[in-house]
There are 2 protein chains.
Amino acid sequence: METRELRYFVAVAEELHFGRAAQRLGIAQPPLSRAIQQLERRLGAALLDRTSRTVALTVAGSVLLVEGRAALDAVDAAERRTLRAALSTTGRAGLALVTKAGASSELLAKLLDAYAAEPGAVPVEVILCGPAEQERLLREGRADVALLHRPFDSTAGFHTEELGTEGQVVVLPSGHPLTVRAHVHMADITALPGLPLPRWPDPDGSYPPGPGPQVRDHAQLLQLVALGRACSVSPESCRAQLHGDLAAVPVLDAPTVTTVIAWPPHSRSRAVADLVRTATRL
Amino acid sequence: METRELRYFVAVAEELHFGRAAQRLGIAQPPLSRAIQQLERRLGAALLDRTSRTVALTVAGSVLLVEGRAALDAVDAAERRTLRAALSTTGRAGLALVTKAGASSELLAKLLDAYAAEPGAVPVEVILCGPAEQERLLREGRADVALLHRPFDSTAGFHTEELGTEGQVVVLPSGHPLTVRAHVHMADITALPGLPLPRWPDPDGSYPPGPGPQVRDHAQLLQLVALGRACSVSPESCRAQLHGDLAAVPVLDAPTVTTVIAWPPHSRSRAVADLVRTATRL
DNA sequence: GGCAACGATACCGTCCGGGTATGGATCCGG
DNA sequence: CCGGATCCATACCCGGACGGTATCGTTGCC
């Protein structure tokens, strides 16, 4: 199977419409029809049930949609990582590390310092992004290594090393009645009047329905908390970023957060291995 | 990047010789040279350092070799899984489960029984193979799910659920002096006179150097133990397969073995999900 | 210095991928 | 019930890409 065939099939399978898929691919519709037919003939399996009015996926087709996307991702990642490697030999940044904006900042600072002191260290480009984006960036080869936080982030498909665990605190506007407590429970905060928990975007960028403001990163969230529009359950390390308007109280029964360093399998890179080793020794 | 280009590059990168690579690919050498040049030009990066006498990988080239192999694996896996899905709708076996020959047989039997009793169960094809082959079969899409044993098997890149842990025993010919002991330590058996530990094949099929017979599966190993040519440290569940000529003694300080059920990410299959759920409930 | 090995280049034929025009089936509005 | 619109398939043509053969230029070796 050629990647071109896969791209064509994925486009049709996503659109369920040859005309739109062809338009998206920048080709005419007849060659697309023919390409899909050839693919089906070569595989010896029907991928699409089509009448002259409608297109539907067969079982095999839905498998190929999922697996084909993964394969195309892998091809694209191979290309990007190759280009990154080529750039790094011509003197540019050698490693891209991605982490959630506003999380584990002191851990990250310590890691970068410690790694920079290693012999043979290369420049590290730090990418900050919203939650659930890291996984994609790492999978697509746009980043070489990520700091993830279980159980929020999925580590499926990556190699990981645990770097540490921490409890969670609820972040509130300073002066809120609850801030006088030494600790609280989840039940105390799930239905705080006027202070809903925020909604984070799904991997596809859309927001789940419900109350609570939509937030994209931690800084934005803290701002909303300071404004008295939300409260937040966050790893306790976020206390380092709290200023006067905010207060934090430990939540005893919130799930423990584990920070892990993750990197794609097949990473033979010396630099990634050094960085991971440095991280585990912190 | 097209898979054809990737295949060509991987062949050259592995052979480090355009002529042999072309032969392996079944094409002439000039088109291969040209294809690699085009690939390098399109990427804008040198992949190979070549003189008229020698070919060597650049840094970027070695990255593309590793990543490209992974991407090609993903494409092949997509094709195989699609074909398996197509077959299963035309009435053939629906799931392929791979495990080491001679390991966890009673767990496997219980799992297959329990799953077969589920509503909506599909036929399960059981593939028995040598160690270190399961990972490949699963990655290549030849199998849908595997029973792996940590720490022996790597679970990198797969989703897993733990099914249970067990200690290890040393398997000896019955009548061996150590068999009267209630338990032993690793130090007691690493240098047993005349009873070396066997050598298992590496993932590439070659055997590491050293004493000890070469073995491919557990049945073969037990036969060698019965013949007094080897001893074996194995999970205690293998006791179910021991017959009169063999005896087992617990090894207190051998690493604990964890049996996990593993499946590739992206597996949206209802059948895999059912099987995993059944397994975790055992 | 001649030869052999090896990758690059030149040139040519063929097949494949893409375009336009059109056919055939289905749904819908009048 | 009919005509048009929609949508996928077919027919046909063209250009370029891919593969093959012949040959060149360089390099290492006897």
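By convention in this document, chain letters (A, B, ...) are assigned in the order of the sequence lines, proteins followed by strands, and residues within each chain are numbered from 1.
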State which residues pass side-chain contact (heavy atoms from CB on, under 4.5 Å) with [X]; sequence neighbours excluded, sorted by chain then number.
{"X": "T54(A)", "value": "T51(A)"}
{"X": "L197(B)", "value": "C231(B), V233(B)"}
{"X": "D113(B)", "value": "none"}

- With sequence neighbours left out, what residues match R136(A) under salt bridge (charged side-chain N to carboxylate O under 4.0 Å, His left out)? E133(A), E140(A)

- Note on the structure: salt bridge (charged side-chain N to carboxylate O under 4.0 Å, His left out) filter on E15(B), not counting sequence neighbours, yields R20(B), R24(B)

- Before giving the answer on side chain to side chain contact (heavy atoms under 4.5 Å, CB included), spell out for V276(A) and H159(A) the whole-Å C-alpha distance, their side-chain angles and the decisive distance to 0.1 Å. CA-CA 10 Å; V276(A) 170; H159(A) 286 208; over 6 Å; no

- If the sugar-phosphate is the primed atoms plus P, OP1 and OP2 and the base is the rest, what is the B/S/- string for nucleotides 4-10 of chain C, using protein heavy atoms under 4.0 Å? -BBBBB-

- Task: Using atom CD of Q23(A) as one end and atom C1' of dG18(C) as the other, report the distance to the nearest whole Å.
- Result: 17 Å

- Task: Round to the nearest Å and state the distance from I36(A) atom CD1 to dG17(C) atom P.
- Result: 12 Å

- Message: By the ring pair (Phe, Tyr, Trp, His ring centres under 6.0 Å) test, which pairs, at least two apart or in different chains, include something from residues 4-28 of chain B?
- Response: none

- Query: Q38(B) near the nucleic acid: base, sugar-phosphate alone, or nothing, with a heavy-atom cut-off under 4.0 Å?
  - Reply: sugar-phosphate

- Message: Please enumerate all residues that pass ring-ring contact (aromatic ring centres under 6.0 Å, His included) together with W200(A), with sequence neighbours excluded.
- Response: none

- Nt span of DNA chain D in reach of chain B heavy atoms at under 4.0 Å, 5' end first, is dC18(D) to dG28(D)

